Every structure is written in C-alpha cells, then in structure tokens.
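All of these numbers come straight from a predicted model, not from anything done at the bench. Throughout, a chain's letter reflects where its sequence line sits, starting with A, and its residues are numbered from 1.
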Number of protein chains: 2
Amino acid sequence: MSTQITLSQRALALTSSAIREILKVTERPEVISFAGGLPAASTFPVERMRAATDKVLTEAPQAALQYGPTEGYGPLREWVAQRLAAAGAPVPASRVLIVTGSQQGLDLLGKTLIDEGSKVLVETPSYLGALQSFSLFAPAFAGMPSDEDGIDVDALTPALLDGARFMYCLPNFQNPTGKRLPLARRKALVATALAAGVPVVEDDPYGELSYGGEHLPSLLSLNPEGGIYMGSFSKVLAPGLRLGYVVAPEPLFSKLVQAKQAADLHTPSFSQRIVYETVRDGFLDEHIPTIRDLYARQCQLMLDALERYFPAQAHWTRPQGGMFVWVTLPHGIDTTALLAKAIARNVAFVPGAPFYATDPQINTLRLSFVTVPGEKIEAGMKILGELASEAIAALPAAAAA
Amino acid sequence: MSTQITLSQRALALTSSAIREILKVTERPEVISFAGGLPAASTFPVERMRAATDKVLTEAPQAALQYGPTEGYGPLREWVAQRLAAAGAPVPASRVLIVTGSQQGLDLLGKTLIDEGSKVLVETPSYLGALQSFSLFAPAFAGMPSDEDGIDVDALTPALLDGARFMYCLPNFQNPTGKRLPLARRKALVATALAAGVPVVEDDPYGELSYGGEHLPSLLSLNPEGGIYMGSFSKVLAPGLRLGYVVAPEPLFSKLVQAKQAADLHTPSFSQRIVYETVRDGFLDEHIPTIRDLYARQCQLMLDALERYFPAQAHWTRPQGGMFVWVTLPHGIDTTALLAKAIARNVAFVPGAPFYATDPQINTLRLSFVTVPGEKIEAGMKILGELASEAIAALPAAAAA
C-alpha cells in the first residue's frame with residue numbers, strides 16, 4: 001500500500017528555478033560559469049565575523065540561542081532604521097522587519113498582497129526569484145515596458161496601472177539587466193504610482209554596490225511614509241547568513257509580521273546578533289568600497305571581452321554597479337539553445353527568458369562576472385562570442401539584418 | 001497623498017498568535033509565566049557550539065557564509081537520515097530537507113498540500129503554530145477526536161477521513177497537551193490512514209524529551225516510504241538557530257524544495273554547519289539526557305503543585321516527556337477570563353481555546369514548566385489554584401457539578 005498524495009494546484013504549478021538547475025551543471029570545476037548570482041566569497045569579512053560571533057557567544061549566549069521576537073532583534077532594527085535615515089529615508093525602527101533573506105520578504109509580500117488573479121506590475125525583465133515567489137499566489141502579472149534606462153514611466157498608462165496591487169521594482173543595478181533607474185524617472189515613477197494609488201515595492205540588494213560610490217535616492221526616500229522597501233546583507237556582508245529586512249507602512253507591516261510568524265517564527269537570533277556586532281561600528285563603510293572596487297574591475301574585464309569577442313549585432317548593458325551584464329542578441333536567436341552549445345564547451349550563462357513574467361525575449365542572456373577570475377572571463381567570453389557569431393551566421397538573412 | 005494598500009483575503013484573515021501577544025505582557029520580570037513555549041536556556045551547550053563555530057570559521061569560512069543548496073547542507077542531511085534510521089525509520093538523505101525551523105516545514109506543507117477548502121485533519125487540540133500556518137491556505141479543518149491517550153483512532157470514520165489532504169499529528173508529548181500516543185494506537189493510526197489513502201504528517205519536536213529515555217516508534221518508522229515527518233533542533237540544542245528538517249516522499253519532496261527556494265532560497269549555511277559540527281560526534285546522546293532530567297524534575301514540581309493547590313474538579317495530564325501540562329477545568333469556566341485575573345496577580349498561562357481548529361474548549365489551559373524556577377512554580381500555581389477555585393465557586397450550581 002502506498003500513500004497517495006494530492007498536491008495543491010499551487011504546487012502543481014511550481015517549477016524549479018532555471019538558474020538553480022543550471023548551477024548544478026556548473027559545479028563541475030572545468031566549467032567557466034557566468035550563470036551564478038553569488039557574491040565573491042573572497043570579500044566575506046571572516047575575521048570580523050569571527051570576532052562578532054565570539055562577542056555574541058560571550059556576552060549574550062543564551063539570548064542569542066533562544067527564541068526571539070518575530071519582528072527581529074531590536075538593536076539591528078534600529079541600526080537599519082538609522083542607516084536608511086542617513087540615506088534620506090527616515091523610517092522608524094518599528095516599521096523594520098528583519099527577514100530570513102530578502103527572498104523571504106518576497107514570500108511575505110506575496111502572501112499579504114496577492115489574491116488569485118490580482119494584477120501585479122513587474123519590470124520586463126525582472127528578478128526571477130520574485131516572479132517565483134509571487135507566482136505561488138497566482139497573480140496576473142503585467143509587464144512594465146522598459147528601455148535602456150529601466151522602467152519607461154511614460155508607458156505606465158492608467159489602464160496598465162488600474163487595480164494593480166503593487167509594482168515591483170529594482171531601481172539599482174537590476175537583476176538581471178544591471179540597469180539603474182535615473183533620478184528623474186525615480187521621481188516620475190513614485191509620483192505616477194502615488195497618483196494611481198499603486199504601492200511601490202522596491203527591492204534593493206545591490207544599491208550599495210555603485211562602482212563610483214555615488215547613490216541615487218531610493219524610491220523609499222521619495223515616499224518614506226508609504227513605500228515598501230527590501231534590503232539585504234547578502235551582497236554587502238555574506239549571503240550564507242540569510243539576513244535581510246523589509247520596511248512597510250501599517251497596516252501592511254503588522255500583517256507581514258503575522259505572516260512571518262507562521263512562516264518561521266523569527267529570523268535566527270544568532271545570525272541577527274552576529275550581523276549587528278559586525279556592522280554596528282560603521283564597518284560597512286570601510287568594507288563595501290573593497291567589494292565595489294573588485295566588482296568594478298571584474299565588470300570592466302567582461303565589458304572589454306564583450307567588445308573584443310562579441311559580434312557587432314549584439315548589444316549589452318554597461319552597468320555602473322552590481323553584479324550583472326545583460327546581453328541582447330538579434331531576434332531569432334534562442335539563448336536556451338545557445339546555452340546547450342556553451343555547456344558542451346564548458347561555459348555557462350543564464351538564458352534571459354525566465355526573467356520575463358510575460359512575453360519572454362528568448363534572444364537575451366544574463367552574465368555574472370563577480371566570481372570568475374580575469375583570465376577565465378577572457379577565455380569564457382571568447383567561446384561565447386564565437387557561439388553567438390555562429391548563431392547569427394546561421395540565421396536566415398532577413399532575421400540577421 | 002497616501003499610498004492605499006489593498007491586503008489579500010489571506011492577510012485580512014490573519015490574526016496574531018494569542019501566545020505571542022501574551023508573551024509580551026509576561027516580559028515584565030515580576031510575572032511568573034507558565035505561558036512560554038521556550039526551552040530552558042540553561043541547557044544550551046554554549047561552549048560546544050562556540051567550538052563548532054570556530055571550527056566552521058576556520059575550516060570552511062567562505063562556504064559557510066556563501067549561498068548553499070536549497071535542500072540543505074549535505075553532511076547534515078546525511079546525519080539526519082542516519083539518526084532516523086537508527087530510530088527505526090530508514091529514509092535516504094535525498095528525502096531530507098533542511099528547513100528554517102520546523103515552523104517553515106508547516107508553511108511549505110501548507111503551500112504544497114492545501115487548496116482553498118481542502119480538508120485537513122488535526123488533533124483536538126493541536127499546535128497553534130500549525131493551525132496558523134495552514135490557515136493561510138484556507139483549508140477546511142476537521143477535528144480528530146481524542147481522549148486521555150491522544151487521537152481516538154476508532155473515531156476516525158470513513159466520512160471523517162474521506163478526501164482529507166493529510167492528517168497532522170504530534171504523537172510525542174504533544175503541544176499543547178503533553179500526551180503521548182500509545183504504540184497500539186500508532187499502529188492503528190498508520191494502518192487506518194494508509195487504508196483511507198490519507199497522508200500522515202508527523203510533527204516531532206519533543207520526541208527526544210522522554211523523561212524515562214524510552215522511545216515509542218515514530219509514525220514514520222511504521223511507514224518509512226510514505227510518511228511525512230518533521231524534526232527540529234530547537235528543543236534538543238537551541239531554537240535561536242531556527243533549524244529543523246522535513247522528510248517526505250516524492251513527488252512531494254521536490255515540490256517542498258521548490259517552495260522553499262521561493263520562500264528563503266535555503267536555510268542559513270552558517271547555522272547548518274555549526275549544528276552539524278556540534279552533533280556529528282554523538283554529542284546529543286550525552287546532552288539530551290541532561291535536558292530530560294531537568295524537565296522531568298520541573299514537571300514533577302508542577303504536578304505536585306497541581307495536586308496541592310488545584311481544586312478536585314480540575315483534571316490535568318501527567319506527561320512522561322516534553323514541556324507542557326494541559327489542565328481542564330469544569331465546563332462553564334472561561335480560561336481567557338481567568339487569565340485576566342491571573343495577570344493581575346502576575347501569573348500567566350495560555351488559554352486552551354486557540355489550540356482548537358474547531359469547537360474550542362474554553363475551559364482548558366496550557367502550562368509550561370521548563371523555564372520557571374521551582375519556588376516560582378510553587379508560588380504561581382498556588383495563585384492559579386486559588387483563582388480556579390474561585391471560578392468554580394462562582395459557577396451556577398448545575399455547571400459545577
């Protein structure tokens with residue numbers, strides 16, 4: 001006799017992340033992988049975190065290992081509030097929820113804001129993990145048109161905005177495109193959303209990774225009372241702690257807390273205290289520039305290689321921060337087919353299609369440069385450039401024009 | 001202009017845990033609280049965990065701080081599989097999913113198994129946190145009748161079982177009652193569920209806390225191919241790490257992994273490695289008996305105090321393990337009203353009603369004894385006994401009979 005399990009409709013609709021599946025292949029050491037979304041492990045401040053851990057286990061071991069409040073560790077919430085205020089977004093610590101990685105923030109926002117069929121506005125393309133999280137709650141996604149600068153605010157028509165539960169944006173060095181939304185567009189976006197009564201969910205894991213160090217105001221800072229904001233320690237400290245935060249106005253904040261309580265009671269007390277001890281004395285202000293410098297160098301190597309090896313018909317973004325370059329090949333090329341050929345030659349990337357909630361552009365791909373040594377960027381991009389040229393050469397004449 | 005947020009139906013139905021709200025009151029140091037569900041922090045193996053943390057940060061710092069696989073850290077999954085096998089439930093590590101506290105397991109099971117209106121069988125009463133997690137997915141709960149030994153398997157009629165997506169059981173020292181399901185009933189329960197085609201979800205955070213050290217076979221061990229099992233490190237090590245695991249058969253297992261990926265990508269790599277280093281050499285076998293001994297002594301103090309101070313019309317469970325005693329007062333007494341009086345006298349407990357998915361028994365209450373010093377158990381129970389006696393004296397004559 002075997003147990004017969006009936007899965008929910010939600011579970012039946014679930015699919016695994018294309019990136020995760022590809023990453024399994026790329027664990028082979030001979031593969032040059034531009035597919036990952038991992039930060040460079042060489043930047044993790046191990047000794048600083050060891051000292052923080054020692055301090056936590058010496059000064060408050062029982063509290064650090066005991067259950068804690070769902071909202072998060074008080075001093076860490078205060079620290080987040082102060083850092084946001086210093087960046088122009090004054091929000092009280094009472095509206096900061098510590099979450100188990102900002103991915104959890106997406107799950108909680110999906111739970112509290114999406115009914116079946118609710119309209120949710122997303123960028124084209126957008127962060128795959130957000131699309132996955134939201135999809136569990138069966139929204140009707142609508143794509144916000146974008147151009148080389150990100151969301152095209154003028155294209156947000158009343159019909160598109162009407163009835164949307166929220167719009168989901170990554171204004172800084174977006175995953176997957178690396179684009180940063182210019183200041184004028186930020187202002188226009190927030191004004192448009194406010195006028196239409198559509199809440200803005202701002203996901204900002206990469207905002208600190210501006211290569212030049214200059215920051216544009218967050219969408220939250222343009223609407224601190226009403227904005228919903230997600231931040232993360234994954235890209236500025238280390239992702240293995242799974243620590244992020246969500247800022248939200250009431251009554252949403254209270255609902256997020258209740259949903260989090262049902263989801264995992266609270267984010268690990270131990271990690272919260274370690275991170276607090278690591279960052280409390282201004283450490284990030286000396287640490288983040290070292291990450292920026294590394295990523296800026298790596299990005300330049302990739303841009304140089306694109307210039308050198310990619311065919312003239314290809315286009316790509318030139319990020320000023322973050323971890324990703326987005327490449328667009330001519331129409332008619334399917335980058336999933338290209339990936340199969342690349343993997344046969346031990347190079348990996350992520351095809352662009354899964355990043356689109358609607359109308360996938362199958363001729364796009366995402367490249368990450370942060371964890372690949374310079375000589376391997378060179379070697380891997382040479383191969384990808386050859387494959388792209390071959391694919392273009394194989395196109396019917398009309399399509400390649 | 002203020003942002004107007006439309007909450008999901010799911011969010012509107014959310015309520016905060018009664019326990020969490022009460023715990024806020026009980027943070028006042030003068031309150032003797034039997035309301036908590038916290039393990040005794042004095043049992044946390046701080047030095048052992050410090051050594052484990054040092055080892056992790058010395059031997060594999062970058063891996064411990066980097067993103068990891070959604071399924072969990074391989075050696076920890078292996079360890080769990082071996083421990084389950086040693087307890088009579090042979091399951092492969094490939095069916096062990098590490099989760100961010102077993103509370104997350106409940107959320108993932110709700111997501112993957114419950115559609116709106118799906119029948120879900122729960123004990124009467126059951127774990128409040130599970131009811132909260134499942135409720136987000138709008139099931140139709142049906143209560144499984146129980147008596148002093150736990151689930152009354154004979155009362156599981158075909159009509160009750162028919163079409164249930166799963167039954168949720170805590171066979172060992174149940175939260176909130178402290179009851180342990182006898183062996184014969186375990187066998188009957190698994191056979192009945194299998195015959196009816198109803199999957200069994202077994203939640204087992206307290207199984208290791210048998211005061212006498214003797215274990216009854218898990219429901220999983222009676223159906224290792226088909227059982228769904230949740231375990232936790234919270235009660236045998238420390239809850240502040242938020243570490244648990246779920247065992248499930250395919251195809252459910254793969255869906256749980258996908259749902260977890262959308263929920264938080266993976267459980268913190270750092271905590272997983274720390275726990276693995278802490279437990280890998282058999283540490284729990286020497287550590288758990290010290291927890292059991294403490295809890296057994298504390299439980300006896302509470303049982304003695306109940307005997308001494310509580311009126312003859314009250315009944316209570318006599319747990320052989322775990323963290324809770326369940327008290328039933330005469331019909332007509334509302335323990336929520338009793339709580340208000342108790343808090344006025346600086347004593348707290350949890351009223352029983354929220355633990356019922358259907359037909360709440362408002363004359364019940366849960367007492368936790370594990371974190372309260374002996375003299376405070378004595379003092380607090382004396383007050384509760386007086387209040388219970390007063391409440392009984394105030395009942396109409398017929399009700400008190």
Side-chain angles (χ1 to χ4, degrees), chain A residues 1-11 14-17 20 38 41 44 46 50 53 57 61-62 64-68 70 100-101 103-104 107 111-115 132-133 136 165 194 197 199 223 225-226 238-242 249 252 255 258-259 261-265 268-271, chain B residues 1-11 14-17 20 38 41 44 46 50 53 57 61-62 64-68 70 100-101 103-104 107 111-115 132-133 136 165 194 197 199 223 225-226 238-242 249 252 255 258-259 261-265 268-271:
Chain A
M1 236 171 341
S2 76
T3 306
Q4 199 56 44
I5 293 181
T6 303
L7 295 168
S8 66
Q9 291 303 311
R10 186 184 307 113
L14 269 172
T15 53
S16 191
S17 153
R20 289 256 150 185
L38 287 66
F44 301 162
V46 174
R50 182 200 297 273
T53 306
L57 284 175
Q62 294 191 351
L65 296 171
Q66 185 57 284
Y67 286 118
T70 301
T100 310
Q103 184 73 33
Q104 184 181 52
D107 178 61
K111 278 178 177 153
T112 52
L113 292 176
I114 302 175
D115 286 310
Q132 281 185 290
S133 280
L136 277 167
R165 286 291 171 93
L194 271 173
N223 179 22
E225 292 301 316
L241 298 160
R242 311 302 307 118
L252 175 61
K255 293 298 179 183
Q258 290 169 10
Q261 189 178 302
D264 66 358
L265 298 181
S269 324
F270 190 51
S271 336
Chain B
M1 240 170 336
S2 75
T3 307
Q4 200 57 45
I5 292 180
T6 302
L7 296 167
S8 65
Q9 292 302 312
R10 186 185 307 112
L14 268 172
T15 53
S16 191
S17 153
R20 288 255 150 185
L38 286 64
F44 301 160
V46 175
R50 184 199 296 274
T53 306
L57 283 175
Q62 295 192 349
L65 296 171
Q66 185 58 286
Y67 286 117
T70 301
T100 310
Q103 184 72 34
Q104 184 181 52
D107 178 61
K111 278 178 177 152
T112 52
L113 293 175
I114 301 176
D115 285 311
Q132 282 185 289
S133 280
L136 277 168
R165 285 291 170 93
L194 271 174
N223 179 22
E225 291 300 317
L241 298 161
R242 311 302 306 119
L252 175 61
K255 292 298 178 183
Q258 290 169 8
Q261 189 178 302
D264 66 358
L265 298 183
S269 323
F270 190 51
S271 334

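The greatest number of non-hydrogen atom pairs below 4.5 Å with chain B, out of A:R10, A:Q9, A:Q104, is found for A:R10. Residue with the most contacts toward chain A among B:D107, B:L65, B:I114, B:L57: B:L65 (heavy-atom pairs, distance under 4.5 Å). No other option in B:A259, B:S133, B:P249 has as many heavy-atom pairs under 4.5 Å with chain A as B:S133. Of the residues considered (A:A263, A:G101, A:P61), A:A263 shows the highest number of contacts with chain B, using heavy-atom pairs under 4.5 Å. Across B:A238, B:P199, B:P239, the residue that shares the most heavy-atom pairs under 4.5 angstrom with chain A is B:P239.
Here the shortest heavy-atom pairing between B:Q261 and A:Q132 reads NE2-NE2, 3.2 Å. Nearest heavy atoms, A:L113 versus A:R165: O-NH1, 3.0 Å. Nearest heavy atoms, A:P268 versus A:T100: CD-OG1, 4.2 Å.
When heavy atoms are compared at a cutoff of 4.5 Å, A:R50 approaches chain B by way of both its backbone and its side chain. Contact annotation for B:E225: neither backbone nor side-chain heavy atoms come within less than 4.5 Å of a heavy atom of chain A. Residue A:A64 touches chain B through its backbone alone, counting heavy-atom pairs closer than 4.5 Å. Using a 4.5 Å cut-off between heavy atoms, B:L136 touches chain A through its side chain atoms alone. Contacts between A:T53 and chain B at a heavy-atom distance below 4.5 Å involve the side chain alone, from C-beta outward. At a 4.5 Å heavy-atom cutoff, the contact between A:F270 and chain B is made by backbone and side-chain atoms alike.
Without hydrogens or angle criteria, A:K255 side chain to A:T112 main chain gives no donor-acceptor distance under 3.5 Å. A:S8 places no side-chain N or O within 3.5 Å of a backbone atom of B:D115 that could act as its donor or acceptor partner. Using modelled atom types, one side-chain atom of A:S269 and one backbone atom of A:Q66 make a donor-acceptor pair closer than 3.5 Å.
The residues A:D264 and A:R242 are annotated as not salt-bridged, no charged nitrogen and carboxylate oxygen being separated by less than 4.0 angstrom.
Within the 4.5 Å cutoff, no side-chain heavy atoms of A:Q258 are placed close to those of A:K111.
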